Structures are given as C-alpha cells and as structure tokens.
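Let me begin by presenting the structure, written as structure tokens, before commenting on it.
For reference, positions follow the sequence shown, starting with 1. All values below come from the heavy atoms of this structure, side chains included, with hydrogens, waters and symmetry mates left out. Everything quoted here is computed from the prediction, not taken from an experiment.
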Amino acid sequence: MPEKYRLDRAFVPKARYLDPEFLQLELDKMFRRTWLMACRLEELPGVGNFVEYEIGSHSILIVRESRTAVRAYHNACRHRGTRLARGRGRVGSLICPFHGWRWNLDGSIRLVLDREEFVPRSDEDLGLVGVRAETWGGFVFVTMDPEAAPLLEYLDPIPRIFEPFQMENMRYRWLKGVILPCNWKTALDGFLEAYHVLGTHPQLHRFDKSNTNIASMQELESRVWAPTTAYERHAYYASVGRKKQTITDGAGKDPAQRGTDNVTDERLAVALSVQYIADDMRGLENERSWRAAEALKTADVPEGVSAGQHFLELYKNLSLAEGYDWREITAQQWAEAGTAWNVFPNTILLPNQGSMFMYRARPNGSDPDSCLFEIGSLDLIPTADYDKKREFQPEYFENWRDADLGEVFNQDLSNAKEVTVGMHSPSFDGHRLSEDQEMTIYNHHRVADRFIWND
C-alpha cells in the first residue's frame, strides 16, 4: 500500500478522497467484490420491468423475469458490446438497439440476425452474462463477484437487527438523486455520524425551528452524544443523550426520549420534534406519526407515563385502526438498531417505527470530486396493500438546490463543496476522527483496505 493511503490511529489520509488513482482502485477492487444495493423490489412490479444500476463504468440490468424471480445481467450485447437498456422501463425481451439481437428475460439467446454468417457458437455461449442478485428487506442487492459470500451472511447482523421494522412492507414515498461536488465517501461521511448535528443543524432541538444561528456554548454543553460501534464490515451510531449523563447511566437509544429544548410542556416538546422532522424532511416520520403528535399536544397523559411513551401509544392506536401492522420493539432492539447503519460499502439505513430513510452514494464517472447521492424516504403501507403493484418514478437533479429537500438536508448537502475545497488545501493532510463518535468513517476505510489490497 502506498504510504499516502495508509491509515493511522483515527486518521484517514486525504489522498483516499482526492486521488483519481484511489477511486479507480475502489471501482476495480472494492465495488466489484461487494454486495451493492441496486434497487427495491417495488421498482420491478411486473414481469419485464427492469432497472439499470451503474457504478463507475459498470452497468448492470436488474430484470423481473417472473412473478417470483429477479435476475441481473451485465448490460452488454454479446455481439458488439452495446448497452442493451438504459434507466428503467418494461420490455418483453431484451433487444440490442444496434443490430437487433434479442434475449429472453432469463438471459437465453432468442435471436441472432443472420446467424449462419457467424462462427458457430452455442446458445449457452451467446446468453447474457449473469450477475448475482439476492434480496433482503425489499431491497435487491447485486455483486459482480461470483465467489462472494451469500447476501445474508455478508449483511450479518443487520437482517436480525432490522427485522422488527418490517422494511419488506415499506414502499418509497420518494427517491431523489443529486449530483454533489464531492467525493462519494464525503457524501456518506456526513451521514455516518451525529457529531456534526449541532454545528450543522442547530435548530433541531430549538423551539424556534427557523433559528439556524450558530449554536451557543450552553447548547454545545448540552448536545446529544452519539457513540459509534463497528460490526465487522458494517457500523452504526446511536444518538443516546447528553454525554456526561449517558456515560453515567449507560443509556441506549430510546424513541420515547425525543424532545425540543426550552419547552416546559413535555407534550409540546415531543410533538414539535416529531412534526418538524415530518414537515421538513418528509421522512423518518409519516402522516400518522404527525397526527399522533398533534393529538399529543392536548392529550391527558396518564400518571407515570412520559409524553414520549404516550405519543407511541397514540401512534400505535392510529396505525392499528387504519390497517397497519404494528410490531412491538423492545428497548434492546431499539438500542441495537441505533440511529443509522452503514451497510458497507455505500448505503446507509435509518430505521424508525413505520418509516425509514435510505442514503446511497456512488462515484460520478472518474472524477473523485463528484458523486451521485440518493435519498429515499420509505413508509410502511397497510397490510391490505402488500401485494398491490404501483408505478414509481425517482427524480434526479444536476443541482441539489433544485431538489426541494428541506432545510435539514440542504444544510447537510451545503457542506459537500466546503469539505472538498478544504481537503484540497495544502494545510490539510487528512481526517482526524473522534474515537467515540466517528469510528463509522474509520471502519469504512479499514474494511475497504481488505478488498483493495488483498488480491
């Protein structure tokens, strides 16, 4: 390993973000050997539906072959290499747009025009080259490595930890992709820790959500502490309370302990916190949790029950009455789920009761200072709708400011250019990370080295 890429204690050299050579190593060695979240099953509602997944110069087609089977192929004609399909759509067969060769949805050759004029090749040899595709939680993952471990083994322990949140029964509310002026890892890093929250989002715990002025020293002292934990190749963080108090009490994540500072009515403190996330981010909370928060403002909270606990009860009752499944999530399960999980290499999942966010980052061509960053908001659907098909169309924007993502996400994405400019400064040599709150970032690089440097 060249010295300029070598990790040190809680230190990540900037060359791993800025060098085109390192980006090519990631594309050739890491992305080709790992499981990549390509799409959701709901994006393939009927036989013949396809989604193109691009990573660097690689293009993969994910195709609904039958009602129960999804396949993936390298997106290249076996004749002259032409890309067979772009974006997403629905076809009866895969047809090369150049010379008209055709393949069935199972990848077998269907038509070679004037076949008698070619050197004889078997049908098997002319079939599309498959890419492994497996599913979990409603997601379709692909890997270009035929020797990769099975998906569930690769994801361990995430499937067990996420099981109570019913991701397979969620559907996209929206999915937006934006081009950011930063390395793909910089885009992910901003969502791999909560150490940045008070600096970037000072309004989150304020009564006046329009007040985005820099945090005061008093607010910094009472900020939420979010330690990180690595599970082999994956890692997560959990916002668990104020640092001094948390270390003393050994507390874990508790969804009933949300709130808004400087509000004496505990009901209002919880309700404002829930409704701000629902209104501004349009995700992680949903219209039912918003209505439950509204009801909480004037509710008679039983003695011995916190406002946060009563909110969850109101939310539960609304959900059950309107045909949603409700799983009781224990304190241990909430603690294990934390706030956000890095699914190595390039996906982040944020679980919540009835809703979640998905973030995904990919290199934008061969430019290490540009990436495609996607945000997906998913909500649980009523049990009666589990088998219903729906048309879904994601949105993509060249300029993230056109994406209408709300104040919180705009604050996050505005950091992208600033980090990139700063990293190019000769005064900066690399990231120096908190050993409590930023080890998700370090762990990502540590695991990447295993794929990049171990042939």
Side-chain angles (χ1 to χ4, degrees), residues 1-38 53-58 132 141-145 147-149 151 153-158 180 182-193 228-237 340-349 359-374 416 419-420 423 428-435 437-455:
M1 183 191 306
E3 191 61 33
K4 63 180 178 177
Y5 300 142
R6 193 174 301 278
L7 303 174
D8 202 347
R9 176 176 173 178
F11 175 76
V12 179
K14 71 177 185 179
R16 298 174 71 101
Y17 290 80
L18 304 182
D19 283 10
E21 174 193 12
F22 192 81
L23 175 59
Q24 196 59 50
L25 287 169
E26 292 173 325
L27 291 168
D28 291 343
K29 298 290 188 72
M30 185 183 71
F31 283 117
R32 291 184 64 180
R33 295 178 177 180
T34 52
W35 282 99
L36 306 169
M37 196 285 280
Y53 179 75
E54 293 183 277
I55 187 84
S57 62
H58 305 290
R132 289 176 61 189
F141 286 77
V142 297
T143 181
M144 291 176 271
D145 181 3
E147 304 300 322
L151 175 63
E153 180 180 329
Y154 175 87
L155 292 176
D156 184 65
I158 294 174
L180 291 181
C182 66
N183 186 268
W184 69 274
K185 297 185 296 298
T186 297
L188 275 188
D189 288 353
F191 296 91
L192 284 178
E193 44 82 10
T228 55
T229 302
Y231 276 84
E232 213 281 313
R233 65 182 65 86
H234 313 296
Y236 82 104
Y237 75 84
W341 275 83
N342 173 212
V343 184
F344 186 86
N346 67 328
T347 300
I348 299 176
L349 300 177
Y359 309 143
R360 179 173 61 179
R362 288 180 271 176
N364 184 23
S366 58
D367 183 359
D369 287 343
S370 181
C371 72
L372 170 64
F373 185 67
E374 293 161 291
V419 173
T420 302
M423 280 202 292
F428 180 80
D429 58 353
H431 296 320
R432 288 169 170 77
L433 303 171
S434 161
E435 292 187 292
Q437 298 186 73
E438 295 179 304
M439 283 296 100
T440 41
I441 296 171
Y442 186 86
N443 188 66
H444 183 278
H445 290 269
R446 179 189 66 82
V447 177
D449 280 349
R450 181 191 316 160
F451 290 93
I452 293 172
W453 307 110
N454 292 340
D455 291 324

| remark: Heavy-atom closest pair (L23 atom, G365 atom, distance to 0.1 Å) is CD2-O, 4.0 Å
| So, do H431 and D189 sit near enough that their side-chain heavy atoms are less than 4.5 Å apart? | yes
| task | Over 60° means perpendicular and under 30° means parallel, so classify the ring planes of F373 and F191, tilted if in between. | result | parallel
| message | So C371 and C182, do their side chains get closer than 4.5 Å, heavy atoms only? | response | yes
| task | Determine the minimum heavy-atom distance between A235 and A230, stating which atoms define it. | result | CB-CA, 3.9 Å
| note | Here the gap from Q24 atom CD to K29 atom NZ, rounded to the nearest 0.5 Å, amounts to 11.0 Å
| field | Test item: F31 and P363 side chains (from C-beta on) under 4.5 Å apart, heavy atoms | value | yes
| query | Which residue pairs satisfy the salt bridge (Lys or Arg N to Asp or Glu O under 4.0 Å) criterion with at least one member in residues 362-371, sequence neighbours excluded? | reply | R362-E374
| query | Under the 3.5 angstrom rule, does the side chain of T143 hit a backbone N or O of T34 as a donor-acceptor pair? | reply | yes
| task | Indicate yes or no for a side-chain donor-acceptor contact from Y442 to the backbone of D8 under 3.5 Å, with no hydrogens or angles considered. | result | yes
| field | Y154 side chain to F344 backbone, donor-acceptor under 3.5 Å | value | yes
| Can any side-chain N or O of K185 pair as donor or acceptor with the backbone N or O of R16 at less than 3.5 Å? | yes
| query | Do the side chains of N454 and R450 get nearer than 4.5 Å, heavy atoms only? | reply | yes
| query | Minimum heavy-atom separation for A15 to K4, with atom names? | reply | CB-O, 3.6 Å
| query | What distance do H58 atom NE2 and D28 atom CG have between them, rounded to the nearest 0.5 Å? | reply | 6.0 Å
| said: Using side chain to side chain contact (heavy atoms under 4.5 Å, CB included), reason through D19 and Y5 one step at a time and then give a plain yes or no. | reply: CA-CA 10 Å; D19 283 10; Y5 300 142; 3.1 Å; yes
| Do Y17 and H445 have side-chain atoms, one donor and one acceptor, less than 3.5 Å apart? | yes
| Could you give the distance from CG (L192) to CG (N342), rounded to the nearest 0.5 Å? | 5.0 Å
| request: Could you please spell out the steps behind the side chain to side chain contact (heavy atoms under 4.5 Å, CB included) verdict for L18 and N183? | output: CA-CA 7 Å; L18 304 182; N183 186 268; over 6 Å; no
| Any side-chain heavy atom of Y231 sitting closer than 4.5 Å to one from N443? | no
| query | Can you list the residues that meet the side chain to side chain donor-acceptor pair (under 3.5 Å) rule with S370, with sequence neighbours excluded? | reply | N364
| When rounded to the nearest 0.5 angstrom, what is the spacing between CG in N346 and OH in Y359? | 15.0 Å
| query | Crowded around R32 CZ? As in, over 12 foreign heavy atoms under 6.0 Å? | reply | no
| Near-ring test W35/H234, centroid separation under 6.0 angstrom | no
| R360 CZ to L36 CG distance, which is reported to the nearest 0.5 Å | 9.5 Å
| query | Run the side chain to side chain contact (heavy atoms under 4.5 Å, CB included) check on I452 and E26 step by step: do they pass? | reply | CA-CA 7 Å; I452 293 172; E26 292 173 325; 4.1 Å; yes
| For the residue pair P345 and M30, what are the closest heavy atoms and their distance? | CB-CE, 4.1 Å
| task | For E193 and L433, run side chain to side chain contact (heavy atoms under 4.5 Å, CB included): C-alpha distance rounded to whole Å, both residues' side-chain angles, the deciding distance at 0.1 Å, then the answer. | result | CA-CA 11 Å; E193 44 82 10; L433 303 171; over 6 Å; no
| request: Could you list the residues that satisfy side chain to side chain contact (heavy atoms under 4.5 Å, CB included) with D429, not counting sequence neighbours? | output: F11, R432
| Spacing of R6 atom CZ and M1 atom CE [to the nearest 0.5 Å] | 5.5 Å
